[in-house]
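Read the structure below first, then the notes.
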There are 2 protein chains.
Amino acid sequence: MSDTSTATPESLSQTLAESGLRSTPQRELVFNVLLKKRDHPTADEVFARVKAEMPTISLATVYNCLETLVQCRVVRAVNFERGPTRYCPNQKPHAHFHDESTGSTHDIDLPPGLLDQVKSILPDGYDSNSVEIIFRGKAKD
Amino acid sequence: MSDTSTATPESLSQTLAESGLRSTPQRELVFNVLLKKRDHPTADEVFARVKAEMPTISLATVYNCLETLVQCRVVRAVNFERGPTRYCPNQKPHAHFHDESTGSTHDIDLPPGLLDQVKSILPDGYDSNSVEIIFRGKAKD
DNA sequence: AGTGAGATTTAGAATAATTCCAATAAACTA
DNA sequence: TAGTTTATTGGAATTATTCTAAATCTCACT
């Protein structure tokens, strides 16, 4: 069963090219690290994982790569309060559940139409291009 | 027509007392400043407005007061990406619309039941105590 | 009114995440 | 392969916020 909800490593260089950006070993590796363990890591955590494979990479580059991937829309940046930004390669429409006791983040699939329904509460004159839904609480397990 | 959606200045000292906290001129003033101009100011902006009336107040105190008001649930803290936290005395259930071209923030009233409906998409085992909805886009005007 | 305990305020130092910068290196193009 | 553009790098800088320790205030009790 193939997963159509995320870009594949193979398609990354194409996606980058479509935005006029270059495929580099650093960008590929940062993306692969995000795909391998989908636990919404921070830039620091991505840096640590990436350094294991490419010890010479710099933190600034990790920030640059993450920013690039977000621009290309193959990765989403997620924020909770003012905590460090977390990164998520899930491209399906989804909400986030932030477990306040563990600090962990879970993706919540959205039923089709929910985002449009939520958008429909906007009064005239509001033109929204994105809706974000964040739950906070405690998740079993 | 009275506005029941926010605590009144008069009720603040009572609300504070209920949490075992003292009413102080600084806390009252910070709260009044938030009520007077409901444009989701940052701590720095609150500091500037408050200093006009109480020139000796410190930024640390403004942070402390805002934090206290948030704890008492008479003020909500709102974050967009990693920008500075903004403060909002609207206690009605509402979403936020973040205008990306002006940086301004608008409250969007929620129809009754919407939050419960959104919460109902959570799978078993997720116990949420708050739902936040953020729109991004362009608002007319 | 006076005293002590605890709460609050204050200025400045410290922190954390991120961005900026200028130099080097790598990648595409002609 | 030379030249131009794009990307990476390490370190300094920035920003919002929190921490710290001392001074001040408030309240309850005498």
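Residue numbers begin at 1 in each chain, while the letters A, B, ... track the order of the sequences. Computed from heavy atoms alone, side chains included, the values below leave out hydrogens, waters and symmetry copies.
- A:Phe47 has its CZ atom 16 Å from the C1' atom of C:dA16, to the nearest Å.
- Distance CZ (A:Arg27) to P (D:dT6): 11 Å, rounded to an integer number of Å.
- Spacing between atom CG of B:Leu66 and atom P of D:dT18 amounts to 10 Å, rounded to whole angstrom units.
- Scored by the ring pair (Phe, Tyr, Trp, His ring centres under 6.0 Å) test, B:Tyr63 finds no partners at all (sequence neighbours excluded).
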Exercise. What string of B, S and - do you get for nucleotides 17-30 of chain C, 5' to 3', when a contact is any protein heavy atom under 4.0 Å?
Worked result: SBB-------B---

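- Remark: the backbone N or O of B:Thr42 is paired with a side-chain donor or acceptor of B:Glu45 at under 3.5 angstrom.
- Summarising the local packing, NZ of A:Lys36 is surrounded by 12 or fewer heavy atoms from other residues, nucleotides or ligands at distances under 6.0 Å.
- Taking atom CG of residue A:Leu12 and atom P of nucleotide D:dA7, one finds them 12 Å apart after rounding to whole Å.
- Shown are B:Leu29, B:Asn32, B:Val33; of these, the side-chain contact (heavy atoms from CB on, under 4.5 Å) with B:Glu53 is made only by B:Leu29.
- The distance from atom CD of A:Glu45 to atom P of C:dA16 is 15 Å, rounded to the nearest whole Å.
- Atom C1' of nucleotide D:dA7 and atom CG of A:Leu29 are separated by 15 Å, given to the nearest angstrom.
- Side-chain nitrogen and oxygen atoms of B:Gln26 include at least one within less than 4.0 Å of the OP1 or OP2 phosphate oxygen of C:dT10.
- Aromatic pair A:His106/A:His40: ring centres not closer than 6.0 Å.
- When rounded to the nearest whole Å, the span between CD of B:Glu81 and P of D:dA16 equals 15 Å.
- In this structure A:Arg136 satisfies the side-chain contact (heavy atoms from CB on, under 4.5 Å) test together with A:Phe80, A:Glu81, A:His98, A:Glu100, A:Ile134, B:Asn129, B:Ser130, B:Glu132, sequence neighbours excluded.
- Put simply, CZ on B:Phe31 is 19 Å from C1' on C:dT8, counting in whole angstrom units.
- Looking at heavy-atom distances under 4.0 Å, A:Thr68 makes no contact with the nucleic acid at all.
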